[in-house]
2 protein chains.
Amino acid sequence: MSSRSAGRGEGRPTLEAVAALAGVGRGTVSRVVNGAAGVSPRARTAVEQAIAELGYVPNRAARSLATSRADAVALIIPETETRLASEPFFASIIRGVASELSETELQLLLILVSTERERRRLAGFLDGRRVDGVLMVSVHADDPVAELVESTGLPTVLGGRRSELEPLSYVNSDNLGGAWSAVRHLLGLGRRRVATITGPLDMEASCVRLEGYRRALEETGVAVEAGLIAHGDFSEESGERAMAELLVREPAVDAVFCASDLMAAGAMRALRQAGRRIPTDVAVVGFDDSPLARHTEPPMTTVRQPSEEMGRAMARLLLEEIAAPGRSHRQIILSTDLVVRESA
Amino acid sequence: MSSRSAGRGEGRPTLEAVAALAGVGRGTVSRVVNGAAGVSPRARTAVEQAIAELGYVPNRAARSLATSRADAVALIIPETETRLASEPFFASIIRGVASELSETELQLLLILVSTERERRRLAGFLDGRRVDGVLMVSVHADDPVAELVESTGLPTVLGGRRSELEPLSYVNSDNLGGAWSAVRHLLGLGRRRVATITGPLDMEASCVRLEGYRRALEETGVAVEAGLIAHGDFSEESGERAMAELLVREPAVDAVFCASDLMAAGAMRALRQAGRRIPTDVAVVGFDDSPLARHTEPPMTTVRQPSEEMGRAMARLLLEEIAAPGRSHRQIILSTDLVVRESA
DNA sequence: TCTTCGAATGGGAGCGCTCCCAACTTTCGA
DNA sequence: TCGAAAGTTGGGAGCGCTCCCATTCGAAGA
């Protein structure tokens, strides 16, 4: 009605315009738009018609301002370009999160943090209350980013945990069981000099996979030897290097369990260079079941972790946490399973 | 000053609170926060101190509402889960975009569109003016998503183009040159029965790569034979299938240029199954230089396209377009180069 | 027919920020 | 010494929505 808005020409239709056209008040339109109860069928119809006619779409900034909700969640990936691109794990997580979120009104903000600058920027961002919750994957033990997020008090769900007493909600895959079954498989094949290449030990997943390796060995009465344990950082190069070391240290090694497919691929390369046949001389098992595992020569036996489902579960948990902020934190463990191909 | 805000306890500090503490007006604080000129050094200092003391962070929703800017851009990926996870190309694009954007105040919204529902949701979203601009990759010729985006009139930059007369701004890699040099390399190796496995022909990149193949052949005086051209859809399976077909149709084939690494990996598998040695019997070249290319057996010769740089360039172009909406559209072509490994 | 109570409704009062203009200072040249 | 010009500053008026309360309208019960 105000001559002001009439004079502004091309502005998009507002709630007020819809109300005017439908011949009702703003409150009623708002109720209809938000699906609130207490609107007569007649009014509802009139409003819906007006909305359709005007092509009205609510202005989110205005809504956010009024409700102090952001209608968005952030997915934080504190990793380098290399890992992001080389590990399909992240893409799967993203996909899972996105698909779960697509059922809701929430937007997905992607935040990659690799430099110190980006970390500082993140701090300001989170304080600006631009998101209702945070998802974060690939958390290292003393990750300053994780601590930053935790300190904001925003609803948060991690993919993986920082330690056994992780205070935040998280979704994890059964790393222990996965590693255990991989090594059991190797032992079942009659291998007795079973080595392992671990991931970075400041990540809980790495430690737990190592623990699974240990337990499988112990259970079978095979001694755990320090010489059979080498360390990597999940990258292919580190796997290659670690395998080369193992070969020097323990020439009799006849199997190796790697904490990631990428490292397993590196290990396979090192083995090939050393003239060892896979799996005849040395059996290899990876972890992740990334697409890569099917391309190696021979195709890799590996532990599948349901990464897309992890993303979905993370999103679901976050939604719950946003809905009921008081509730205590929860965790979800997703099971893994061994995919037997030809490398072991 | 208002007793209201005093009574509200834990609300985050507002512009007004900063103004009160600094002993200046709202306008002055706003100017300082936004780096506008016309603030005396004294006032500026006082405001900065107050900001630091209060830990003030501007509320973005309020700013958006007042300025009708969203301070965010969307990256739309209209692809299936499979491609997203299996092609590191997307991850690199994301990384490039994110890193370029981290220099600015803009947020990155990631939108994956695979289902019809998601597409409809996207429409409402874009109309809601929740972003200042749109980035979109993997555009197919008659992509309804692209048309949707185009119809919104939002500043838009594509990764790849839909056709030669693409009206929107875009960043592309030199598909023609890349394919050309790959095939020239094969010919230089003395191969004469050079096949190609194309990508989906509703994508311009696929057509152009095929055109590069043709030209290289023609220039060298080698006839282009329909029988040597097989079609895939960028997936590994399609590459395997296409290679199998080729082997049946043209048993004498001695080289194959594949429009993606993934298809090349599939082709290699088919060759292996057929008992052909790579590259002795059949040389293979891929396209992308994805991490995968280094893992195949033998390591794959492929055309590198600078995907992260593509993401960066897209973001830069979009920033320009947002800053100067009137300007005519632009395009950037990034060069590709051949990475020679062992498969050719 | 009159009262009572719940359902439906309109619209004021913000949410926190930017924009812009009027007003106030300072600084200079005449 | 005075006025103009330039530099600063404060704060009103929104941006479009939600929240909430006062009001209105009906229908059911007495």
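Atom pair B:R60:CZ and D:dG16:P shows a separation of 19 Å (rounding to whole Å applied). Rounded to whole angstrom, the span from the CD atom of B:E16 across to the P atom of C:dT18 amounts to 13 Å. Regarding A:L65, its CG atom lies at a distance of 18 Å from the P atom of C:dA13, rounded to whole Å. Atom pair B:D71:CG and D:dC15:P shows a separation of 19 Å (rounding to whole Å applied). In this structure, B:N34 places its CG atom 13 Å from P of C:dC20, rounding to the nearest Å. Here the C1' atom of nucleotide C:dA8 and the CZ atom of A:R44 are 12 Å apart, to the nearest Å. Rounded to whole angstrom, the span from the CZ atom of A:R69 across to the P atom of D:dG16 amounts to 19 Å. A straight line from CZ of A:R12 to C1' of D:dC15 spans 15 Å, rounded to a whole angstrom.
Side-chain N/O atoms of A:R26 and base N/O atoms of C:dG12 include a donor-acceptor pair closer than 3.5 Å. Applying the 3.5 Å distance criterion, the base of C:dT9 shares no donor-acceptor pair with the side chain of A:R31.
Neither OP1 nor OP2 of D:dT8 sits under 4.0 Å from any side-chain N or O of B:S40. Listed pair A:S30 / D:dT18 meets the phosphate criterion, a side-chain N or O lying under 4.0 Å from OP1 or OP2. Under 4.0 angstrom from either OP1 or OP2 of C:dC19 there lies no side-chain N or O belonging to B:T67. Of the side-chain N and O atoms in B:N59, none sit less than 4.0 angstrom from OP1 or OP2 of C:dC15.
In terms of the salt bridge (Lys or Arg N to Asp or Glu O under 4.0 Å) criterion, A:R130 has no residue partners (sequence neighbours excluded).
No donor-acceptor pair closer than 3.5 Å links the side chain of A:S64 to the backbone N or O of A:A61.
Nearest to the side chain of B:A62, among D:dT18, C:dG10, C:dC17, sits C:dC17. Of the candidate nucleotides D:dT9, D:dT18, C:dC17, D:dT9 has the atom lying nearest to any side-chain atom of B:A43.
In summary, B:R316 and B:E320 do not engage in a salt bridge, as defined by a charged side-chain N under 4.0 Å from a carboxylate O. Looking at A:R121 and B:E103, no side-chain N of the basic residue comes within less than 4.0 Å of a carboxylate O on the acidic one, giving no salt bridge.
Between B:V33 and B:R63, the closest side-chain pair of non-hydrogen atoms falls below 4.5 Å.
At the heavy-atom level, B:V33 lies nowhere under 4.0 Å from the strands shown. Among the protein residues, B:S68 comes within range of no part of the nucleic acid, since none of its heavy atoms lies under 4.0 Å from any strand.
Between A:G27 and B:G27, the one whose closest nucleotide on DNA chain D sits nearer the 5' end is B:G27.
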